[in-house]
Amino acid sequence: MNQDAKPARAAIIDAIRRAARQEQFLEVVSAAEARRRFDARLDRAPLAGESVPLAAALSRVIATDVVAPIDAPPFDRANVDGFALRAADTLGAAPGTPKRLTLNGELIACGVAPVLEVVSGTATAIATGGVIPRGADAVAMIEHTELIEDGAAPAIGVHRAVTSGQFISFAGSDIARGETLLRRGIQVGSREIGMLAACGFTSIEVVRRPRVAVLSTGDELVQPGQPLRPGGVYDSNGAIIAAAVAEAGGEAVPFGAIADDKSALERAMRAALASCDVVVLSGGTSKGAGDLSHQVVSRLGSPGILVHGVALKPGKPLCLAVIGKTPLIVLPGFPTSAIFTFHAFVAPLIRARAGLPLEAAHAVTARVPLRIPSELGREEFVLVSLVGADEGLVAFPTGKGSGAVTAFSQADGFFAIDALASALDADSQVEVTLIGKSERAPDLVIMGSHDIALDVVVGALAGRGVRARTIAVGSLGGVSAASRGECDIAPVHLVDPATGVYNKHLLAPGLALVPGWRRMQGLVFRPGDTRFAGRSAEAALQAALADPATLMVNRNAGSGTRVLIDSLLRGAKPPGYANQPRSHNAVAAAIAQHRADWGIAIAPVAKLYGLGFLPIAPEHYDFLVVEARRQRPAVQAFIEVLRDEAVRDRIRALGMEPAAQESI
Ligand code: AMP
Ligand code: MG
């Protein structure tokens, strides 16, 4: 070892030591206590008003009550094309006994001020929108009159009696001068813009939108659009939080991603504090290596950090601070945790300052079919998908951890497990708080194993107007959902270890099996790896097993692929056997990134990752169909789509072989 390497090595060991020692949270408080402490220091009043042109007022919040300066309509107005007259003159008019009225010598078009008075026995021609002339109190529709041309002065015959006021909109009947047209706090929509324009307004006083600085932190973060370097992840929090700020009525001010560097972070936070009403940062708040955010926040000024550590899952490392009068929130970096805590602690604050009312939480009752273990001492929020079963709503946990980007957006809502409970029992009834706008219930519920070709089928269904919802719960999860009648269709690919036959053993009374497609499974390796390239799968496997330096990647117990792997290995447990990811993609990624040398996956995935592939055996991906629902139009459409030649071609293009058409 040379001289320079020694201090470098010492520094690394030092850093590792610090990371391993991990600071603990000083004090973890309940969510309610965190909110109380934060609220006590915050001004939640709507910001001051600003004048904006009407065209820019959409979705803004009205700052001061608007009083109508004019009447609308500004004058008594004809609602139909016809004749302005005195209703009393038409008394007794009927098709057989029309009433004759002499026409006055003017025609009232829109925008024309009438000159002549309508006296008894006369009428004046008027267009829709015309000003009712003096003396008239009603309008007869042109359809109920006829022109009389008998040589004398022009006249009409009225076939139908009209009542006083008929077909007239009176001045101020729509908007009355002096009435409060719009109240403060109302969010401006197209209707409000129309009302304001009808009164002649060109601008309107609205609440200033709170400027919310959005910062991300982490050495690993890469901005979308840039290539992903090894170990890098895209900065998704920056984008989702900026959009959520806008949804909550704020104006996001993006600061991008800042490296895990104290002085860079401090500079960025100070700039954000100087120019914004609220500062939101995500990441760097756990107490692990490189997590500096709270250290920097503690240097920014008083009152400083109010809460760091909330008994909340997801979201424990949340840090709430106020610097001067400006709230500064450090959200956990994990995307689901970040967006969850944003909605719980930050969105209500932005809404309040934007002058918007708190969002009313909509909740529904649902049954949770499985037991969910929960950590004691932390209130746990479980994101769920809702499915309508025969007996009511059923809530399925989306099952993705707090690191998932999709968990929040794919969930219909969430429910809480009390901090004092160590689990939620299966079949408990829970109150699910709904997230976002509730959509129409899906026409078809598909629960089980997911496959990329299934997306082709769902896409074709959408083309036929059938809205399918897929919930990935794995083959076994699909089997139990189908047997409980919680879904219409369960995609499965499980081999019966006793017979080697796929899926047939899963059939139970009330279920039918519809064949789907075959996916070739094989040994996957990096192209050019001479241990595998050019050999048969069996020969390659033997070579791999003979070399202790060759590392495999396994699959999770319960997967069809795992059954195949164990039968190939015949009891052997080569290095890497304990690494058991849950998907074909994870196996391919491990090999592509040199974290393993071989594994078993399906051909389309090997192709997607540019890996070598030695075929072994086709896996059958089929559908359990709940018999009682088979006749439903959406289920019938699903089966028709499987038979559709265009769909089958698209499935083939992905590398799968659809089952024979006559077997479907
Ligand atoms: P941290 O809170 O910095 O310890 O980050 C926890 C996890 O969240 C890590 O896996 C980070 O890579 C991830 N993470 C942090 N910030 C972001 C971000 N802006 N976008 C996506 N993932 C992030
Ligand atoms: Mg970080």
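Residue numbers run from 1 in the order of the sequence given. In listed order, ligands and their atoms are each counted from 1.
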- Heavy-atom distances under 4.0 Å are what count here, so tell me which part of S236 touches ligand 1: side chain, backbone, both or neither. both

- Query: Would you say R582 has more than 12 foreign heavy atoms packed within less than 6.0 Å of its CZ?
  - Reply: no

- Query: Should L424 and S374 count as side-chain neighbours, where that means a heavy-atom distance under 4.5 Å?
  - Reply: no

- Report the residues that fulfil side chain to side chain contact (heavy atoms under 4.5 Å, CB included) with V253, sequence neighbours left out, ordered by chain and then residue number. R211, F255, C276

- Is any NZ, NE, NH1 or NH2 atom of the basic residue among D43 and R353 found under 4.0 Å from an Asp or Glu carboxylate oxygen of the other? yes

- Which of the atoms of ligand 1 are close to G283, meaning less than 4.0 Å from one of its heavy atoms? 2 (O), 3 (O)

- Query: Is the shortest N/O to N/O distance between F334 and ligand 1 below 3.5 Å?
  - Reply: yes

- From G333, G232, A239, G284 - option closest to atom 3 (O) of ligand 1 by heavy atom: G284

- Task: Decide, yes or no, whether a salt bridge links R519 with D451 under the criterion of side-chain N to carboxylate O below 4.0 Å.
- Result: yes

- By number and element, which atoms of ligand 1 are closer than 4.0 Å to a non-hydrogen atom of S216? 19 (N)

- Between F381 and F340, does the ring centre distance come in under 6.0 Å? yes

- Which of the atoms in ligand 1, numbered in the order shown and given with their element, are less than 4.0 Å from a heavy-atom of Y234? 20 (N), 21 (C)

- Option of least heavy-atom distance to atom 19 (N) of ligand 1 (set: D235, I240, V330): D235

